[in-house]
Undergrad: 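I am attaching a structure below and will ask some questions about it afterwards.
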Amino acid sequence: MRCLWRMEYQFRQLEEKWQRRWDASSAHRVNENSGKPKYYCLDMFPYPSGNGLHVGHWRGYTISDVWSRYKKLQGYEVLHPMGWDAFGLPAENYALQQGVHPAKSTAQNIANFKRQLADISAMYDWEREINTSEPEYYKWTQYFFTKMFERGLAYRKKMPINWCPSCKTGLANEEVVDGCCDRCGTEVTKKEMNQWMLKITAYADRLLQDLDTLDWPEKVKRMQSAWIGRSEGAKIWFEIENVEGERIEVFSTRPDTLFGATYMVLAPEHPLVARITTDACKLAVEDYIAQTLKKSAISRQIVDKTKTGAFTGAYAINPANKKRIPIWIADYVLMDYGTGAIMAVPAHDERDYEFAVAFDLPIVEVIRPEGQDEPITNEDGRPPLHVGPGRLVNSPGFDGLTVEEGKREVVAAMAAQGVAEATVTYRMRDWVFARQRYWGEPIPIIYCDDCGPQAVPEDQLPVRLPDVESYQPTGTGESPLAAIESFVNTTCPKCGGPARRETDTMPQWAGSSWYFLRYVDPHNNKQPFSPEAADRWLPVDMYIGGVEHAVLHLLYARFFTKVIHDLGWTRFDEPFQHLFNQGMVTLNGSKMSKSKGNVVNPDDMVRDFGVDALRMYELFVGPPEDDAEWNSNGLEGVSRFLSRAYRLVMQNVDSPAPNRDSLERLRHRFLASLHERMETFRLNTAISAFMEYTNALGAESANGIDKATLETLAITLSPFAPHLGEEIWERLGHRTSVFEATWPTYDEEWLKDDTVEIAVQINGRVRARIEIASDANDESAIRSAKANEDIASWIEGKDIIKELYVPGRLVNLVVRQ
RNA sequence: GCGGUCAUGGCGGAAUUGGCAGACGCGCUAGAUUCAGGUUCUAGUCCGGGCAACCGGGUGGAGGUUCAAGUCCUCUUGACCGCACCA
């Protein structure tokens, strides 16, 4: 007997050994000149929080690394980088809470994250590590902002924006979830501020249309599409009685119902409200506006949908039939959407109907369902609500048209009179891009009294974030930078005169909107990246991360990529060809988080079971896209498998058996099965394939295992368990890394058998199993089935009314009862 | 309210897309080894009946299409996700 200790799977020594070798040989460096086809596999880079990694974070990183190594073995030059999304609220709030300068706490957190990430043994090329908070990086984030400014895509506007009273900063619409701050959960208020905005709405149509070209989960595409919220309709202008020079502009998706507009509603914040309200109504209107402002965003939108409102005393003229219609204000009309004003058609809109009932306003039917001749009246004497299709009525000149025809013709007729125009409206708003916080990229704009706002020229970038003692948010609507004279006071790049710097910073999402471009050329100090390198590596072939960024990062990154494309930097205009959202890991049914106290620490798991075992369990725990409940027993199962596999290999590695057909057949079948499962990304079942294979090899091991089998195991296991793969490969006598090897292919010939066992069914129930030639035709298969003695008793004396053979699977005989 | 996803043993989950339901792992039962225990190995394990061969039932529920349904269709129950007065 050989030394027993060599048979045991000593994962700790083994893993340390290979990690040292990989480090020493810079095994994970990308070779730009290999001549191999490229593959870009990217993780959503983390913001380095103080909490460190748990086994849930491991899952996505493991999936992407297994995939990267698989692609490498398939002959691709794989770019698999990692970096830090280090600017922004999470990092800054953590720093404030700890009382440590964000630069310092961020550096500490990065060091800790990097140590923990190293445990995964992913093939990250750390030579390409990037950090969005370093001047070498954010110089270029600022550069792209100046380019947007020059193109009119970055502009300043005074408007009420979302404000988080706890984080003391303005927020983008995308950062407000259910009326609360996405970061801290505090209820968001409105604040009138002069803001930097990015004109993402100019790209709305492209962002929507190009979704079709992406290999992304349908769910994420639906979310982005809903967020963009394109709707076609018309602008219509209404004259106001006794008010000259002003018209009310509304947006409607149902211009066909214009004749049924019996009143109008303005949002309480609408600028015309004060102008048109009559003296008699002034008190009630002002009272209602005050009430509305008191209501928070939540109660206005979610909790209470009862219709309230106030009459302004003013009347508008319906341009279609010249009727006087009252103008109301109500909080069910939102200033943020469309024009902040609507024409109300109570007969054909649920909300308008409720409002009309509540305030006893007239309801006029203008769309009648197909096949109905007479008007219908409810018990309360009102026409019923009808939102579906039908034909126009009570619309002189348009009666009898369908809804679709009506939309076209009414708009055409009104447009001819200059009171309407077909148009498209989006739900998506422009991107509020300024934050009144310290820890972000300073917005590179200089205000000159003579020349106006000027972009900081490229040769003066980066505008460095000053190193200061006090970085607490002020809450006044000004950034902490505003108090730093030496930062604020500067000279105008155009006229050289005294000028002031913009003191707001960029949001957390700025740096991550183009980081995937920097990885291809991370040390370039002349350009954000080399266009040649970008066009060589991008778009990203596989982007892996959580679904929580569906309408934040993923939308912003697409927008930036399109802008950068339009600036002439790249040929592509979509960054991520294939997106994969991994499911989260739960414990006791809920997402792991430090605050819930249900985190499983990967450091402990690595210590007890090893890196390879934890990697494999992260996949084996369930389908990669589904949420999965953590179960340490499952980890033990995988660990046992690795021990068995290791033992099986080590028993045979020094004197492999000669090749034989039974092993060759098993091997090709395993490879076929593994191939199928890898290509369909069913990584949990790929692990099962290994278990099935080694179980089958266990039965063969009495006669020894051949070298081809052992090499196959080494190569195919290595994406999952890279240390074990390398070890086996080396023990087989190879001097180069297993990752220099080629993923083995299978031969269809070995998948075939001379005979095959099929089921014989009577009326769809399995009654026997028979062995037949695999190339048997229908006739002979059915003959064999009938000849079977178990089947004989089932068909004896009965009429067979149908018989069929599904090749290689089953025979079904249908008999009359 | 609108849109979407899903439901399979004691548990996590398989099922080449309409063709033998329950692969693989966990857990459990029995035995062997070691023995202080764990480890390791062998066999069994959807439910009911039977010593057994075998028989009957079975993929949330009710119908339907089909020679054949976890898979397709209709209705229904429950869970989860996204959006939510978007004109």
Side-chain angles (χ1 to χ4, degrees), chain A residues 8 177-178 217-220 222-227 229-231 233-234 236 250-255 257 261 264-265 267 300-302 304-307 330-334 336-345 348-352 354-355 425-428 547 550-551 616-617 620-623 625-638 640-641 643-644 647 672-673 676-677 680 682 684-695 698 757-769 790 800-815:
Chain A
E8 285 306 313
V177 178
D178 291 338
E218 287 304 317
K219 175 182 158 142
V220 176
R222 268 198 306 274
M223 283 170 73
Q224 288 212 353
S225 158
W227 184 262
R230 184 181 199 276
S231 61
I236 305 172
V250 304
F251 173 74
S252 174
T253 54
R254 293 294 305 274
T257 63
M264 302 193 77
V265 186
R300 182 162 168 188
Q301 285 180 19
I302 294 160
D304 187 7
K305 290 191 180 178
T306 352
K307 296 294 176 286
D331 65 4
Y332 83 94
V333 173
L334 310 172
D336 296 353
Y337 185 76
T339 63
I342 63 160
M343 64 178 211
V345 185
H348 307 293
D349 181 280
E350 198 180 337
R351 297 147 303 173
D352 297 345
E354 285 174 19
F355 191 82
T425 289
Y426 300 91
R427 198 185 90 115
M428 183 171 69
V547 75
V551 285
M616 286 198 107
Y617 178 64
F620 190 62
V621 68
E625 66 277 15
D626 289 354
D627 291 348
E629 174 75 8
W630 180 264
N631 179 356
S632 294
N633 287 332
L635 177 54
E636 282 181 50
V638 169
R640 249 174 259 170
F641 158 75
S643 298
R644 268 200 303 273
R647 225 175 300 127
S673 158
E676 164 81 18
R677 296 172 188 198
T680 52
R682 287 160 17 230
N684 54 324
T685 62
I687 306 287
S688 302
F690 283 106
M691 293 171 169
E692 288 164 25
Y693 186 40
T694 53
N695 287 349
E757 191 192 75
I758 63 163
V760 182
Q761 297 181 334
I762 305 295
N763 294 340
R765 299 298 314 238
V766 180
R767 295 302 177 187
R769 287 167 216 284
D790 290 332
I800 298 177
I801 57 177
K802 188 160 190 169
E803 41 194 41
L804 46 99
Y805 173 53
V806 183
R809 297 200 179 275
L810 53 79
V811 165
N812 192 9
L813 304 175
V814 183
V815 303

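Chain naming here is simple, since letters A, B, ... match the order of the sequence lines and numbering starts at 1 in each. Predicted model, so just to flag it, every value in this text is computed and none were measured.
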Undergrad: Suppose you measure atom P in G63(B) against the same atom in U71(B); what distance do you get, rounded to whole Å?
TA: 14 Å
Undergrad: Looking at Ser231(A), does any N or O in its side chain come under 4.0 Å of the phosphate oxygens OP1/OP2 on A87(B)?
TA: yes
Undergrad: The criterion is side-chain contact (heavy atoms from CB on, under 4.5 Å); which residues satisfy it with Thr257(A), sequence neighbours excluded?
TA: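 Here the qualifying residues are Arg254(A), Met343(A), Val345(A), His348(A), Val366(A), Ile367(A).
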Undergrad: Please report the distance, rounded to the nearest Å, between OH in Tyr693(A) and P in C24(B).
TA: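 Rounding to the nearest Å, OH of Tyr693(A) and P of C24(B) are 16 Å apart.
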Undergrad: Measure the distance from CZ on Phe355(A) to C1' on A87(B) and round it to the nearest whole Å.
TA: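 Atom CZ in Phe355(A) sits about 14 Å away from atom C1' in A87(B).
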Undergrad: Can you list everything that forms a salt bridge (Lys or Arg N to Asp or Glu O under 4.0 Å) with Glu625(A)? Sequence neighbours excluded, please.
TA: none
Undergrad: Go through C83(B), C85(B), G25(B) for me and flag the one nearest to the Lys307(A) side chain.
TA: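 Ranking C83(B), C85(B), G25(B) by closest atom to the Lys307(A) side chain puts C85(B) first.
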Undergrad: Could you tell me the separation between the CE atom of Met428(A) and the OG atom of Ser225(A), rounded to the nearest 0.5 Å?
TA: 11.0 Å
Undergrad: Counting side-chain heavy atoms from C-beta on, which of G82(B), G25(B), A87(B) comes nearest to Met223(A)?
TA: G82(B)
Undergrad: Checking side chain to side chain contact (heavy atoms under 4.5 Å, CB included) for the pair Glu354(A)/Tyr332(A): CA distance, chi angles, key distance, verdict?
TA: CA-CA 11 Å; Glu354(A) 285 174 19; Tyr332(A) 83 94; over 6 Å; no
Undergrad: Enumerate all atom pairs, one protein N or O and one N or O from nucleotides 54-58 of chain B, separated by less than 3.5 Å.
TA:
unit_1, atom_1, unit_2, atom_2, d
G56(B), OP2, Arg767(A), NH1, 2.8
G57(B), OP2, Arg765(A), NH1, 3.3

Undergrad: Rounded to the nearest Å, what distance is computed from the CD atom of residue Glu636(A) to the P atom of nucleotide G27(B)?
TA: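 In whole Å, G27(B) P and Glu636(A) CD are 7 Å from each other.
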Undergrad: Suppose we screen for salt bridge (Lys or Arg N to Asp or Glu O under 4.0 Å). Which residues come up paired with Glu636(A), at least two apart in sequence or across chains?
TA: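 In terms of salt bridge (Lys or Arg N to Asp or Glu O under 4.0 Å), with neighbours along the sequence ignored, Glu636(A) is linked to Arg640(A).
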Undergrad: Which residues satisfy the salt bridge (Lys or Arg N to Asp or Glu O under 4.0 Å) test with Arg230(A), sequence neighbours excluded?
TA: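 Listed in chain order: Asp205(A), Glu232(A).
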Undergrad: Just to confirm, is there a sub-4.0 Å distance from OP1 or OP2 of U16(B) to any side-chain nitrogen or oxygen of Arg682(A)?
TA: no
Undergrad: Between Glu350(A) (CD) and A84(B) (C1'), how many Å, whole number?
TA: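 In whole Å, A84(B) C1' and Glu350(A) CD are 12 Å from each other.
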Undergrad: My understanding is that only residues two or more places apart in sequence, or in another chain, count here; which of them pass side-chain contact (heavy atoms from CB on, under 4.5 Å) with Thr680(A)?
TA: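 side-chain contact (heavy atoms from CB on, under 4.5 Å) check on Thr680(A) returns Glu676(A), Arg682(A).
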Undergrad: When you compare C72(B) with G19(B), how far apart are their C1' atoms, in angstrom units rounded to a whole number?
TA: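 Per the computed distance, 14 Å lies between those C1' atoms.
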Undergrad: C41(B) and U34(B): how far apart are their P atoms, nearest whole angstrom?
TA: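 After rounding to an integer number of Å, I get 16 Å for this pair.
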Undergrad: Phosphate oxygens OP1/OP2 of C24(B): is one of them under 4.0 Å from a side-chain N or O of Arg640(A)?
TA: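 Checking Arg640(A) against C24(B): no side-chain N or O falls below 4.0 Å of OP1 or OP2.
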Undergrad: Check whether any side-chain N or O of Asp349(A) sits under 3.5 Å from a backbone N or O of Ala344(A) as a donor-acceptor pair, and report yes or no.
TA: no
Undergrad: In Å, rounded to the nearest 0.5 Å, how long is the span from CD1 of Ile800(A) to CD1 of Ile762(A)?
TA: 7.0 Å
Undergrad: By nearest nucleotide on RNA chain B, pick out whichever of Ala759(A) and Glu354(A) is the more 5' one.
TA: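 The 5'-side residue here is Ala759(A).
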Undergrad: Give me the atom names and distance for the closest heavy-atom approach of Ala689(A) to Arg677(A).
TA: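 Minimum heavy-atom separation between Ala689(A) and Arg677(A): N-NH1, 3.5 Å.
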Undergrad: What I'd like to find out is whether the side chain of Trp630(A) reaches to under 4.5 Å of the side chain of Tyr617(A), using heavy atoms alone.
TA: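 Yes, their side chains come closer than 4.5 Å.
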Undergrad: For atom C1', what is the distance between C54(B) and U8(B), given to the nearest Å?
TA: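 Straight-line distance between the two C1' atoms is 26 Å.
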Undergrad: Starting from C1' on A84(B), measure out to OH on Tyr332(A) and report it in whole angstrom.
TA: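 Answer to the nearest Å: 16 Å.
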Undergrad: Sticking with atom C1', work out how far U77(B) lies from A43(B), rounded to a whole angstrom.
TA: 42 Å
Undergrad: Using the criterion of both pairing distances under 3.5 Å for Watson-Crick and G-U wobble pairs, give all stems of 3 or more consecutive pairs involving RNA chain B.
TA: B:1-7 with B:77-83, B:10-12 with B:24-26, B:27-32 with B:40-45, B:46-49 with B:54-57, B:60-64 with B:72-76
Undergrad: List the steps, then state whether side chain to side chain contact (heavy atoms under 4.5 Å, CB included) holds for Glu629(A) with Asn631(A).
TA: CA-CA 6 Å; Glu629(A) 174 75 8; Asn631(A) 179 356; 5.6 Å; no
Undergrad: Give a yes/no answer on whether the side chain of Asn695(A) brings an N or O atom under 4.0 Å of OP1 or OP2 in G25(B).
TA: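 Asn695(A) to G25(B) OP1/OP2: side-chain N or O found under 4.0 Å.
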Undergrad: State the syn/anti category of U17(B) according to its glycosidic angle, syn meaning within 90° of 0.
TA: syn
Undergrad: Measuring only the P atom in each nucleotide, how far is G56(B) from G60(B)? A whole number of Å is fine.
TA: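 It comes out at 23 Å once rounded to the nearest Å.
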Undergrad: Would you mind reading off the distance between Asp336(A) atom CG and C83(B) atom P, rounded to a whole angstrom?
TA: 16 Å
Undergrad: From CG of Asp349(A) over to C1' of A84(B), roughly how many Å is that when rounded to an integer?
TA: 15 Å
Undergrad: List for me each residue that meets salt bridge (Lys or Arg N to Asp or Glu O under 4.0 Å) alongside Asp352(A), sequence neighbours excluded, and say none if there are none.
TA: none
Undergrad: Which atoms form the tightest heavy-atom contact between Gly764(A) and Asn812(A), and what is the distance?
TA: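 Result for this residue pair: N-OD1, 3.1 Å.
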Undergrad: Say we look at A62(B) and A7(B): how far apart would their C1' atoms be, to the nearest angstrom?
TA: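 My reading of the C1' atoms in A62(B) and A7(B) gives 16 Å.
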Undergrad: Reading nucleotides 3-13 of chain B 5' to 3', which nucleotides get B (base under 4.0 Å from a protein heavy atom), which S (sugar-phosphate only), which -?
TA: -S-------BS
Undergrad: What's the gap between G18(B) and G1(B) when it is taken at their C1' atoms, as a whole Å value?
TA: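 Those two atoms are separated by 36 Å.
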Undergrad: Would you mind telling me which residue lines up with the more 5' stretch of RNA chain B, Asn633(A) or Glu692(A), judged by nearest nucleotide?
TA: Glu692(A)
Undergrad: Output all residues satisfying side-chain contact (heavy atoms from CB on, under 4.5 Å) with Val177(A), sequence neighbours left out; order by chain, then residue number.
TA: Asp182(A)
Undergrad: Tell me if G4(B) is syn or anti. Syn = glycosidic torsion within 90° of 0, anti otherwise.
TA: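 Nucleotide G4(B) adopts anti.
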Undergrad: If you restrict it to nitrogen or oxygen atoms, what contacts under 3.5 Å exist between nucleotides 67-73 of chain B and the protein, and what is each distance?
TA:
unit_1, atom_1, unit_2, atom_2, d
C67(B), O2', Asn812(A), ND2, 3.3
C67(B), O2, Asn812(A), ND2, 2.7

Undergrad: May I have all residue pairs that pass salt bridge (charged side-chain N to carboxylate O under 4.0 Å, His left out) and include part of residues 757-768 of chain A, sequence neighbours excluded?
TA: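 Output for this query is empty, none listed.
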Undergrad: Quick one: Trp630(A) CH2 to C26(B) P, roughly how many Å, whole number?
TA: 15 Å
